[in-house]
Peer 1: 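I have a structure here, written as C-alpha cells, and I will follow up with some questions on it.
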Amino acid sequence: MKATGIVRRIDDLGRVVIPKEIRRTMRIREGDPMEIYTDSEGEVIFKKYSPIGELSSFASQYAEVLHKIGGLPAVVCDRDNIVSVAGVPKKELLDRRVSAELDTLMSSRKSLPSSGEAQQIRATDGVDRYVHICYPIVAQGDVTGAVMMVSGDADYQPNEIQVKLCQAAASLLGKQMEE
C-alpha cells in the first residue's frame, strides 16, 4: 500500500473525506460505490466497486461471441478499466485503465459511431487499438461501462451488423446488472 502523507479526521457521523487529489487520480466521482475491507493488521481499505467486475466471466464469454460473430476484437470495460477482451492478446488490454477520451465518451452517454463523426479514440493510452464501435452499458439509469469493438486500423469503418451486435451486448449486460 502506498502512503500519501495525507491525514483526515472522522467526523461525528463517521464520515471521512477522500482528498481531491486522490479522487482525481483514482477517478472516484460523487456517487461512486465503494467497497470497504479490513485486514488482520487493523487497516481499512476502500476500493471502488465495479458492478461489471461481478459479471466478468459472463462479460468474457460475451466478448468471445462478439469477436467470433463480428470479426473484430471485442472489449468490455467498466468506467475505469478494461475487464474482458477477446480477439487480441489479453496482456495488451486487460485490466488497463481506459483512455481519457473513452472516459469522456462514456460520461456523455454517447455511442460510436455517432452521426457520421469521425473520431479516433484509443481504448487505452499507449496501445494502438482504436475504438470503432462503443455502446455504453446503462444499469438503473447510470453508465457503468461500455462494450466496444476495436482494431489497430484507425480508419476502419464498421458495418451495420457489428454495430447492432455491440448495441445488443451493451443492452444485455445492462439488464443483467439490474437483476
Side-chain angles (χ1 to χ4, degrees), residues 2 20-29 32 47-139 142-174 176-177:
K2 187 174 167 183
K20 186 176 187 175
E21 302 82 28
I22 293 174
R23 292 193 319 261
R24 185 177 55 243
T25 59
M26 300 302 295
R27 294 185 181 176
I28 298 171
R29 301 166 193 86
D32 280 353
K47 182 180 175 192
K48 278 186 72 172
Y49 174 71
S50 171
I52 293 179
E54 299 290 319
L55 295 175
S56 64
S57 64
F58 181 69
S60 294
Q61 292 170 351
Y62 210 100
E64 286 290 335
V65 171
L66 270 178
H67 167 62
K68 286 180 183 172
I69 295 172
L72 283 176
V75 176
V76 179
C77 67
D78 63 16
R79 292 291 306 271
D80 299 302
N81 298 308
I82 294 174
V83 296
S84 64
V85 176
V88 293
K90 293 195 184 328
K91 66 181 177 182
E92 190 176 315
L93 294 173
L94 193 63
D95 294 328
R96 295 188 110 206
R97 183 170 279 205
V98 299
S99 68
E101 297 87 11
L102 182 54
D103 181 50
T104 301
L105 183 71
M106 285 189 286
S107 296
S108 67
R109 297 173 170 256
K110 291 184 179 175
S111 58
L112 279 180
S114 61
S115 65
E117 296 175 18
Q119 297 182 18
Q120 291 185 351
I121 296 176
R122 284 190 166 99
T124 186
D125 294 326
V127 178
D128 288 335
R129 292 289 174 182
Y130 297 93
V131 178
H132 301 296
I133 307 165
C134 178
Y135 276 90
I137 300 170
V138 179
D142 295 324
V143 175
T144 58
V147 175
M148 301 170 278
M149 285 189 151
V150 302
S151 82
D153 178 5
D155 297 319
Y156 180 84
Q157 293 297 316
N159 63 43
E160 188 176 337
I161 292 171
Q162 292 167 326
V163 171
K164 293 294 182 187
L165 283 168
C166 276
Q167 186 178 22
S171 180
L172 176 77
L173 288 171
Q176 284 292 314
M177 289 183 1

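One-based numbering along the sequence shown. As the structure is a computational prediction, the values presented were derived from the model and not from experiment.
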Peer 1: Can you check side chain to side chain contact (heavy atoms under 4.5 Å, CB included) on Leu105 and Cys134, steps first, answer last?
Peer 2: CA-CA 9 Å; Leu105 183 71; Cys134 178; 3.8 Å; yes

Peer 1: Suppose the criterion is side chain to side chain donor-acceptor pair (under 3.5 Å): which pairs have a residue in residues 67-90, not counting sequence neighbours?
Peer 2: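 Non-adjacent pairs meeting side chain to side chain donor-acceptor pair (under 3.5 Å): Lys48-Asp80, Ser50-Asp78, Arg79-Ser107.
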
Peer 1: Check whether more than 12 heavy atoms from other residues, nucleotides or ligands sit under 6.0 Å from atom CD1 of Ile161, and answer yes or no.
Peer 2: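 Incorrect, the count does not exceed 12.
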
Peer 1: Applying side chain to side chain contact (heavy atoms under 4.5 Å, CB included), name anything that partners Ile22, two or more places apart in sequence or on another chain.
Peer 2: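 With sequence neighbours excluded, Ile22 shows a side chain to side chain contact (heavy atoms under 4.5 Å, CB included) to Thr4, Ile6, Ile18, Pro19, Met26, given in chain and number order.
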
Peer 1: What residues, two or more places apart in sequence or in another chain, satisfy side-chain hydrogen bond (donor to acceptor under 3.5 Å, both in side chains) together with Tyr62?
Peer 2: none

Peer 1: What is the distance from atom CD of Gln176 to atom CD1 of Ile137, rounded to the nearest 0.5 Å?
Peer 2: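 These two atoms lie 11.0 Å from each other.
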
Peer 1: Considering all heavy atoms of both residues, which atom of Ala123 and which atom of Leu102 are nearest to each other, and what is their separation?
Peer 2: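 So the two residues come closest at O-CD2, 3.6 Å.
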
Peer 1: Looking at residues at least two apart in the chain, or sitting in another chain, which of them share a side chain to side chain contact (heavy atoms under 4.5 Å, CB included) with Asp142?
Peer 2: none

Peer 1: For Arg29, check side-chain hydrogen bond (donor to acceptor under 3.5 Å, both in side chains) against everything at least two apart and list the hits.
Peer 2: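 Per chain and number, Arg29 pairs via side-chain hydrogen bond (donor to acceptor under 3.5 Å, both in side chains) with Asp103.
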
Peer 1: Taking Ser171 for its side chain and Gln167 for its backbone only, find out whether a donor-acceptor pair lies under 3.5 Å.
Peer 2: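 Not confirmed, Ser171 side chain does not pair with Gln167 backbone.
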
Peer 1: By the side chain to side chain donor-acceptor pair (under 3.5 Å) test, which pairs, at least two apart or in different chains, include something from residues 121-139?
Peer 2: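 Residue pairs passing side chain to side chain donor-acceptor pair (under 3.5 Å), neighbours aside: Glu92-Arg129, Arg122-Asp128, Arg122-Tyr130, His132-Ser151.
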
Peer 1: Met106 and Cys77: which non-hydrogen atoms are nearest, and at how many Å?
Peer 2: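 Heavy-atom minimum between the residues: SD-SG, 3.9 Å.
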
Peer 1: Can you check whether Leu93 reaches Val75 side chain to side chain, under 4.5 Å on heavy atoms?
Peer 2: yes

Peer 1: Within the 4.5 Å heavy-atom criterion, are Ile82 and Val76 side-chain neighbours or not?
Peer 2: no

Peer 1: So, using side-chain hydrogen bond (donor to acceptor under 3.5 Å, both in side chains) as the criterion, who are the partners of Gln162 when residues are at least two apart?
Peer 2: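 By the side-chain hydrogen bond (donor to acceptor under 3.5 Å, both in side chains) rule, Gln162 matches Tyr156.
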
Peer 1: So which atom in Pro113 and which in Pro158 form the shortest heavy-atom distance, rounded to 0.1 Å?
Peer 2: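 Looking at all heavy atoms of both residues, the closest pair is CG-CG, 4.4 Å.
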
Peer 1: Of the non-hydrogen atoms in Val131 and Met148, which two are nearest, and what is the gap between them?
Peer 2: CG2-SD, 3.8 Å

Peer 1: If you look at every heavy atom in Cys166 and Leu66, which pair is closest and at what distance?
Peer 2: N-CD2, 4.2 Å

Peer 1: How close do Ile133 and Val163 get, counting heavy atoms only, and between which atoms?
Peer 2: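 Where Ile133 meets Val163 most closely, the heavy atoms are CD1-N, 3.8 Å.
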
Peer 1: Side chains of Ser99 and Ile121, heavy atoms from C-beta outward: is any pair under 4.5 Å?
Peer 2: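 Touching, per the 4.5 Å side-chain cut-off.
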
Peer 1: For residues 88-110, which residue pairs qualify under ring-ring contact (aromatic ring centres under 6.0 Å, His included), counting only residues two or more places apart or in two chains?
Peer 2: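 As it turns out, there is no ring-ring contact (aromatic ring centres under 6.0 Å, His included) pair with a partner in residues 88-110 once direct neighbours are skipped.
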
Peer 1: If a pair satisfies salt bridge (Lys or Arg N to Asp or Glu O under 4.0 Å) and one of its residues is in residues 154-170, list it, with sequence neighbours excluded.
Peer 2: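 Matches after skipping sequence neighbours: none remain.
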
